[in-house]
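A note on names: the letters A, B, ... follow the listed sequences, proteins ahead of strands, and every chain is numbered from 1.
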Protein chains: 2
Amino acid sequence: MTLAYPFEDVRTQIKSASLAEVMDRLGVRMNFAKDEEIYAQEEDADLIYRVVSGVVRTMRLLSDGRRQVGDFYQAGDLFGLEVGALHRYSAEALCDCAIQVVKRSSLRAQADEGELDRAIWEATCRDLERAQDHILLLGRKTACEKVASFLMDLAQQGPNEAIDLPMGRQDIADYLGLTIETVSRMLTQLQGSQVVEFASCRQFRVRRWDVLERLAA
Amino acid sequence: MTLAYPFEDVRTQIKSASLAEVMDRLGVRMNFAKDEEIYAQEEDADLIYRVVSGVVRTMRLLSDGRRQVGDFYQAGDLFGLEVGALHRYSAEALCDCAIQVVKRSSLRAQADEGELDRAIWEATCRDLERAQDHILLLGRKTACEKVASFLMDLAQQGPNEAIDLPMGRQDIADYLGLTIETVSRMLTQLQGSQVVEFASCRQFRVRRWDVLERLAA
DNA sequence: CGAACTTTTGAACCCCTTCAACATCAGTGG
DNA sequence: CCACTGATGTTGAAGGGGTTCAAAAGTTCG
């Protein structure tokens, strides 16, 4: 919680630097165990969250238990920026997580107003763009295309890297609107056709980026 | 900001009414015929649009022609506020439309900055919230639940009103991630079970709001 | 009215789900 | 080290919800 910067540096960075630093200064670091709830659906939304380490999923439940995962948030991502007063999705730690949490009001009082607004705006826009892609995927893609799109999204870093899958099959299925069995079958199929290669069920490499891209539609 | 002086109130009201006025003053009113394109996917996004009359749909195409409708915009709604430089969805007139169009930059120069930002923010938030509902619908609802949800969304005004369906079956299907045949079958089924009643294929009334709500899951 | 289009209805098919069994892996304790 | 156990992932077979294809019925508009 203590800043290691010389006094002068701190002052200049408060004005110009990223929201992350202000959040570090004003907020609280909280640790969440795997599957622990960070906030609930319909809960008041007056906090802002930033992933420090780990991965977070947002999700929504239908009354009979059907689950839809909204998105996954990785280190550095802001989440929980609902517009209305209430959270429309709940958020859970996908694995053990460290989350920086800060009250929106205290941020607004202390941070550079423009900087804060811009960061929230950018995070909201990112959410919207991803939601729009997600809608196309859920509405009009086949199971194979969904899985291929999902792997591409994870592997954006490049085709030759080994990519870790932080989430299990159930989370993937609930993100793609499929069952775990279908996800598993599609992964097996993609591996069988030499498009991707799984070292374990939580790590893969893309072998044929062009084919994967075509399959993702 | 919650001062109760009459003078203060008047001023804020003028401000909050002004975006539409400024758009009217600075922008151009354009008429679009049914199915005419308002802007294209991947097109530059430096304009802001407001529906004056008619209904607009945003949509995205997959390379093989599969279509996903993002949302419908009615009179008064702002649309086309993509965050990035390019439109991620195209927009088309669902029926003959009058649209007020204005350059973002000229708006920013002449309008109250805060007012403009707030209006864009609210419209973007509305888009995001609707997108999140849409994701749950597409990912985890059955055909019947999708159609029931769609009718409820249209009929929010109240159960006893006669509701006009501005869009055809194809647009409904492409919004719900179904085929026109399935949409038609579900509508027939809902009417058969006395939940809704269609005067024509473009107008209906809700007979059993409670049942419709339950069916929408 | 008649032509083009939209919507509804019917029947066969298929993609994905469901249900079930098996495999794999991590953690635990003997 | 291995047996045990529970969680997670894979594979197989059968079933069903939605699609596809085809045709009839309804609607719009010249």
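Non-hydrogen atoms lying under 4.0 Å from DNA chain C are contributed by A:Gly177, A:Leu178, A:Thr179, A:Glu181, all within residues 167-181 of chain A. Of all the residues in residues 193-203 of chain B, B:Cys201, B:Arg202 reach under 4.0 Å from DNA chain C with at least one non-hydrogen atom.
Every residue was checked against the salt bridge (charged side-chain N to carboxylate O under 4.0 Å, His left out) condition with B:Arg25, not counting sequence neighbours, and none meets it. Residues forming a ring pair (Phe, Tyr, Trp, His ring centres under 6.0 Å) with A:Tyr39 (at least two apart in sequence, or on another chain): A:Tyr49, A:His87. Applying the side-chain hydrogen bond (donor to acceptor under 3.5 Å, both in side chains) rule to A:Arg205 yields the partners A:Glu197; only residues at least two apart in sequence or on another chain are considered. In this structure B:Asp164 satisfies the salt bridge (charged side-chain N to carboxylate O under 4.0 Å, His left out) test with no other residue, sequence neighbours excluded. For B:Gln100, the side-chain hydrogen bond (donor to acceptor under 3.5 Å, both in side chains) partners are B:Arg29, not counting sequence neighbours.
A pairwise comparison of heavy atoms in B:Val51 and B:Ile99 identifies CA-CD1, 4.1 Å as the closest pair.
The end-to-end axis angle of the helix from C:dC1-D:dG30 to C:dG30-D:dC1, rounded to 10 degrees and based on five pairs per end, is 30°.
Listed for the A:Glu145 side chain is a donor-acceptor partner under 3.5 Å among the backbone atoms of A:Thr142. Counting only distance, with no hydrogens or angles, the side chain of A:Gln68 and the backbone of A:Asp174 share a donor-acceptor pair below 3.5 Å. Of the possible polar contacts, one joining the A:Arg140 side chain to the B:Arg67 backbone as a donor-acceptor pair under 3.5 Å is found.
Within the structure, ring-ring contact (aromatic ring centres under 6.0 Å, His included) pairs that include any residue of residues 122-149 of chain B comprise B:His134-B:Tyr175 (at least two apart or interchain). Within the structure, the side chain to side chain donor-acceptor pair (under 3.5 Å) test picks out no pair touching residues 186-195 of chain B (sequence neighbours left out).
Across the interface with DNA chain D, nearest-nucleotide mapping of A:Leu187 and A:Arg140 shows A:Leu187 to be the residue nearer the 5′ end.
Distance, B:Met186 CE to C:dT7 P: 17 Å, rounded to whole Å. Rounded to an integer number of Å, the gap from NZ of A:Lys141 to P of C:dC15 is 19 Å. Separating the CZ atom of A:Arg185 from the P atom of C:dA23 is a distance of 16 Å, rounded to the nearest angstrom. Rounded to whole angstrom, the span from the CD atom of A:Glu145 across to the C1' atom of C:dC16 amounts to 14 Å.
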For residues 54-64 of chain B, tabulate all N or O donor-acceptor pairs below 3.5 Å that involve a side-chain atom, not counting sequence neighbours.
from, atom 1, to, atom 2, distance (Å)
B:Arg57, NE, B:Glu92, OE1, 3.2
B:Arg57, NH1, B:Asp171, OD1, 3.3
B:Arg57, NH1, B:Asp171, OD2, 2.9
B:Arg57, NH2, B:Asp35, OD1, 3.0
B:Arg57, NH2, B:Glu92, OE1, 2.6
B:Thr58, OG1, B:Asp71, N, 3.1
B:Arg60, NE, B:Arg88, O, 3.3
B:Arg60, NH1, A:Asp133, OD1, 2.9
B:Arg60, NH2, A:Asp133, OD1, 2.9
B:Asp64, OD1, B:Arg66, N, 3.4
B:Asp64, OD1, B:Arg66, NE, 3.2
B:Asp64, OD2, B:Arg66, NE, 3.1
B:Asp64, OD2, B:Arg66, NH2, 3.2

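In the 5' to 3' direction, nucleotides of DNA chain D lying under 4.0 Å from heavy atoms of chain B begin and end at D:dG18 to D:dC21.
In this structure, A:Glu122 pairs ionically with A:Arg118, as a charged nitrogen and a carboxylate oxygen lie closer than 4.0 Å.
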